[in-house]
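Below: the structure, in structure tokens.
Only a predicted model underlies this, so the values are computations on that prediction, with no experimental measurement involved.
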Amino acid sequence: MIPCTCIVQDGQISAESEATLRSKLDAFSTKAFGSSAEINWVTVPAAGGFTASKPSTSSIVSIRPSAPIDQETRATLLHELCGFWTAETGQTLNEIVGVISDPMPA
Amino acid sequence: MPLYSCNALPGAIDDAAKPKIAADITRIHCDVTGAPPIFVHAFFFEDAPHQPLDDSKAFLFGSIRAGRTDDQKAQIADQMRQSIHTHAGIPLEDIKVITQDTPAKWVLEGGEIMPEPGEEAEWLKRHHRSESGD
């Protein structure tokens, strides 16, 4: 399983969109990293999110594959990830932060 | 990025304190590192299982771009701990602040790989964004 943490603002994403995104993240992880996603969906409580000191509309999606990947592949995957996220949610690219890490050192 | 995630005991940081602490987090990070405010996210949680409090009453975890010095990280931790103490009234010894380096090249924001520290101006210019996000 590939750890995947999604941090979203309260009320920002409907239950239907969340289900769709979970499905797409799982398919993305399986295709890109050969294993399904272990999704930790975290909601920032109302009035608890700030970006540049203002109420935030940003989501953060962070994935940690089990093996390192080269930077060209990482960039391509990040664009794909943020692309399907914005298409589903209607957020702009300025409202989504995607992270694909290398594995934690042993 | 940076993302500052603050977990606290229920009621330990009230809703009036959160925007004040978020403003301080943003100002402190930008003053110490020179990064633009538009990059700074500050999210508040209560008793969140993804960020255990252990023995603390408030735990601020900052995922910041790699490349900051140990002195910069110490300034960030000290000043942000003081801000939480000032606005929420939590004793300093009950507030934990930790930062973790994240390579900029691992992060896509604004549809583009994040710039390395100090290389933000061109990134912002390409995105037609001011430092404050207006």
Same cluster or not: [X] versus [Y], using hydrophobic residues (I, L, V, M, F, W, Y) connected whenever any side-chain heavy atoms lie under 4.5 Å apart?
X: Phe84(A); Y: Ile96(A); result: yes
X: Ile13(B); Y: Ile25(B); result: yes
X: Phe59(B); Y: Leu9(B); result: yes
X: Tyr4(B); Y: Val32(B); result: yes
X: Val97(A); Y: Leu93(A); result: no

Exercise for review: Mind checking the CD1-CZ spacing from Ile60(A) to Phe43(B)? Nearest 0.5 Å is all I need.
Suggested key: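 Result: 4.5 Å between the selected atoms.
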Study note, to complete from the structure: So CD1 of Ile7(A) and NE2 of His50(B): to nearest 0.5 Å the spacing works out to 5.5 Å
Check your understanding: Looking at side-chain heavy atoms only, is the closest gap between Val99(A) and Met1(B) below 4.5 Å?
Key ->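 Yes - at least one pair of side-chain heavy atoms lies under 4.5 Å apart.
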Review point. Any side-chain heavy atom of Thr51(A) within less than 4.5 Å of one from Val40(B)?
Key: no
Exercise for review: Taking heavy atoms only and a threshold strictly under 4.5 Å, list by residue number the residues of residues 27-42 of chain A that touch chain B; give 'none' if the list is empty.
Suggested key: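 Only Asn40(A), Val42(A) of residues 27-42 of chain A have a heavy atom under 4.5 Å from chain B.
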Measure distances from [X] to the heavy atoms of chain B and classify the residue's part below 4.5 Å as side chain, backbone, both or neither.
X: Ser101(A); result: both
X: Thr43(A); result: backbone
X: Glu95(A); result: neither

Practice item. Could you please state which residues from residues 80-109 of chain B sit under 4.5 angstrom from chain A, measuring non-hydrogen atom to non-hydrogen atom, sorted by number, or 'none'? Key: Lys105(B), Trp106(B), Val107(B), Leu108(B), Glu109(B)
Exercise for review: Work out which heavy atom in Ser53(A) is nearest to a heavy atom in Ala22(B); give both atom names and the distance.
Suggested key: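 Smallest heavy-atom distance, with atoms named: OG-O, 4.1 Å.
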Check your understanding: If you take all heavy atoms of Ser58(A) and His41(B), which pair is closest and at what distance?
Key -> OG-CE1, 3.4 Å
Practice item. Assess whether atom CG of Asp14(B) is packed by more than 12 heavy atoms of other residues, nucleotides or ligands within 6.0 Å. Key: yes
Review point. More than 12 heavy atoms of other residues, nucleotides or ligands under 6.0 Å from CD of Glu119(B): is that the case?
Key: yes
Check your understanding: What option among Cys6(B), Ala42(B), Ala48(B), Cys30(B) has the most heavy-atom pairs under 4.5 Å with chain A?
Key ->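 Option with the greatest count: Ala42(B).
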Review point. Quick one: of Val61(A), Ile69(A), Leu78(A), who has the most non-hydrogen atom pairs under 4.5 Å with chain B?
Key: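 Winner by heavy-atom pair count: Leu78(A).
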Review point. Passes side-chain contact (heavy atoms from CB on, under 4.5 Å), Phe45(B) versus Val44(A)? Steps please.
Key: CA-CA 6 Å; Phe45(B) 301 91; Val44(A) 181; 3.8 Å; yes
Check your understanding: Which pairs pass salt bridge (charged side-chain N to carboxylate O under 4.0 Å, His left out) with one or both residues in residues 60-70 of chain B, sequence neighbours excluded?
Key -> Arg65(B)-Glu120(B)
Exercise for review: List in chain and number order the residues that pass ring-ring contact (aromatic ring centres under 6.0 Å, His included) with Phe61(B), two or more places apart in sequence or in another chain; answer none if no residue qualifies.
Suggested key: none
Exercise for review: Check whether Leu3(B) gets within reach of chain A through its side chain, its backbone, both or neither, counting any heavy atom under 4.5 Å.
Suggested key: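 Leu3(B) touches chain A through side-chain heavy atoms alone.
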